[in-house]
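Everything below concerns the one structure shown next.
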Amino acid sequence: PMSGKPAWDEIWKRAVRECREGNGNNPVHRTGPLEHQFTNLTATWDTISRLAPGNEANDMVINVWFRELVRWFTTGKTPLDHDVYVFDTQFYQTGHPGCLCHGTPTTVLMDHHTRKTVDKRGLLGLFGFDCIVVPMHVGSGTHWAFGYVDFKHKQFELYDSMLATQDPDACIPFAANMARFFTEYAELRGVALPHDFEKWSHTTNTGVYGEPMPQQPDATSCGYYMLAAAEQRITRRQLTDMAMVVRRRITRILTSRVYS
């Protein structure tokens, strides 16, 4: 536990109790919402229960964490020296229609995932960022991984805590999907494609120092391993096993109204 603050399991238990019973002048019922003051998102009982050991992260947990990271990077005391764009979890899902992997028109993807934020970058749009993070809901929609697009080093990267390999070929499907998206994206924006993606390199589960991504020890913690690895990749730190640290942070974020 962090000094001066409740232990993680106590924070979670109190959050559960709050969802079940309500809290003072701000009642929060078991099926009701828990407002999150920073991201304007709403956490429900289901989201809070997902934070318990043995449970899987859902879209709400993933999106909250990435939005908080972006907020920290842009307003914190030690901002990044590179611009990062993070797609939401509805963009890349291999088991669901309406996303990149199922041939959804790029115009639809742009409307749903990029227009509000990216249009502020002018004609370059997404190409005006240094790197892009793509949360990936893969398989039948029960497993989390993420892809990383590094424009500066011209590289596609895949991180999957269930893959016990660093074979770069495992990244090829992600690279092909993103290259197709970027090609159509450039055409729709009326700009020249700034990269020849066919010449880019690929890596799998390999950090910036060549270290392998930590492997999850069970069948349920993939989302938290993904989030930990994504944070460390974005900040260019060595990949380490931070899954429980991330789980604890998200609990505090979602319960910040009480435990800030």
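All values below were derived from every heavy atom in this structure, side-chain atoms included, with hydrogens, water molecules and symmetry-related copies excluded.
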Q. Distance-only, no hydrogens or angles: does the Tyr185 side chain make a donor-acceptor pair with backbone N or O of Leu126 under 3.5 Å?
A. yes
Q) Between Tyr224 and Val61, is any pair of side-chain heavy atoms under 4.5 Å apart? A) yes
Q: Would you confirm whether the ring centroid of Phe87 sits within less than 6.0 angstrom of the ring centroid of Tyr85?
A: yes
Q) Is the backbone of Val64 close enough, under 3.5 Å, to the side chain of Glu68 for a donor and an acceptor to pair up by distance? A) no
Q | Over all atoms of both residues, closest heavy-atom pair of Tyr209 and Arg236 | A | OH-O, 3.4 Å
Q: Could you tell me whether the side chains of Gln166 and Thr204 share a donor-acceptor contact shorter than 3.5 Å?
A: no
**Q.** Nearest non-hydrogen partners of Ala228 and Ala243, listed with the distance
**A.** CB-N, 4.1 Å
(Q) Can you pull out every ring-ring contact (aromatic ring centres under 6.0 Å, His included) where at least one residue sits in residues 153-172? Sequence neighbours excluded, please. (A) Phe146-Tyr159, Phe156-Phe197, Phe156-Trp200
Q.
Quick one, Val84 and Asp130 - any side-chain contact, counting heavy atoms below 4.5 Å?
A. no
**Q.** Straight-line distance of Asp218 CG to Ser161 OG, nearest 0.5 Å
**A.** 9.0 Å
Q | Flag side-chain contact, heavy atom, 4.5 Å: Val134 against Phe174 | A | yes
**Q.** Side-chain (Asp59) to main-chain (Ile62) donor-acceptor, under 3.5 angstrom
**A.** no
Q.
Show, in sequence, the C-alpha distance, side-chain angles and deciding distance for Asp150 and Arg233, and conclude whether the side chain to side chain contact (heavy atoms under 4.5 Å, CB included) test is met.
A. CA-CA 11 Å; Asp150 189 336; Arg233 178 61 187 90; 3.4 Å; yes
Q: Under the side chain to side chain contact (heavy atoms under 4.5 Å, CB included) rule, what do Ile234 and Leu80 come out as? Steps first, then yes or no, please.
A: CA-CA 9 Å; Ile234 291 170; Leu80 297 176; 3.5 Å; yes
Q) Under 3.5 Å, is there a donor-acceptor pair between the Thr89 and Asn63 side chains? A) yes
**Q.** Rounded distance [0.5 Å steps], CD in Gln155 versus SG in Cys131
**A.** 12.0 Å
Q | Nearest heavy atoms of Leu193 and Ala186, plus distance in Å | A | CD1-CB, 3.8 Å
**Q.** Side chain to side chain, Ile132 and Phe182, heavy atoms closer than 4.5 Å
**A.** yes
Q: Please lay out, stage by stage, how Ser201 and Lys154 fare under the test side chain to side chain contact (heavy atoms under 4.5 Å, CB included).
A: CA-CA 7 Å; Ser201 59; Lys154 299 181 179 180; over 6 Å; no
Q | Sub-4.5 Å side-chain heavy-atom contact between Asn205 and Gln215 | A | yes
Q) For Met226 and Pro135, which heavy atoms make the closest approach, and how far apart are they? A) CE-CB, 4.3 Å
Q.
So which atom in Pro173 and which in Tyr92 form the shortest heavy-atom distance, rounded to 0.1 Å?
A. O-OH, 4.0 Å
**Q.** Distance (rounded to the nearest 0.5 Å) between Glu187 CD and Arg189 CZ
**A.** 13.5 Å
Q) Between Cys222 and Gln216, which heavy-atom pair has the shortest distance, and what is it? A) CB-OE1, 3.0 Å
Q) What's the spacing between Ser221 OG and Met244 CE if we round to 0.5 Å? A) 9.0 Å
Q) How far does CZ of Arg67 sit from CZ of Arg71, to the nearest 0.5 angstrom? A) 13.0 Å
Q) Are Val208 and Tyr148 co-members of a hydrophobic cluster defined by side-chain heavy atoms under 4.5 Å apart? A) no
Q: Using modelled atom types only, decide if a donor and an acceptor are shared between the side chain of Thr240 and the backbone of Met242 within a distance under 3.5 Å.
A: no
Q: Determine whether His137 and His143 make a side-chain contact, defined as any pair of heavy atoms from C-beta on separated by less than 4.5 Å.
A: no
Q.
With a 3.5 Å distance limit and no angle check, can you tell me whether Trp144 reaches the backbone of Met136 through a side-chain donor-acceptor pair?
A. no
Q.
Test your reading of the model: is there a side-chain donor-acceptor pair from His202 to the backbone of Leu158, 3.5 Å cut-off?
A. no
Q) Any side-chain donor paired with an acceptor under 3.5 Å for Thr206 and Glu211? A) no
**Q.** pair Thr203-Cys171: side-chain heavy atoms closer than 4.5 Å
**A.** no
Q: Could you tell me whether Phe151 and His195 have their ring centroids closer than 6.0 angstrom?
A: yes
Q: Could you state whether Val246 and Met162 fall into the same hydrophobic cluster, counting links through intermediate Ile, Leu, Val, Met, Phe, Trp or Tyr residues with side-chain heavy atoms under 4.5 angstrom apart?
A: no
Q: Using a strict 4.0 Å threshold on nitrogen-to-oxygen distance, state whether Asp83 and Lys152 make a salt bridge.
A: no
Q) Between Trp72 and Trp65, does the ring centroid distance fall short of 6.0 Å? A) yes
Q.
Working to the nearest 0.5 angstrom, can you tell me the gap between Gln232 CD and Met213 CE?
A. 9.0 Å
Q: Ignoring hydrogens and angles, state whether a donor on the side chain of Tyr225 or Asp241 is under 3.5 Å from an acceptor on the partner side chain.
A: yes
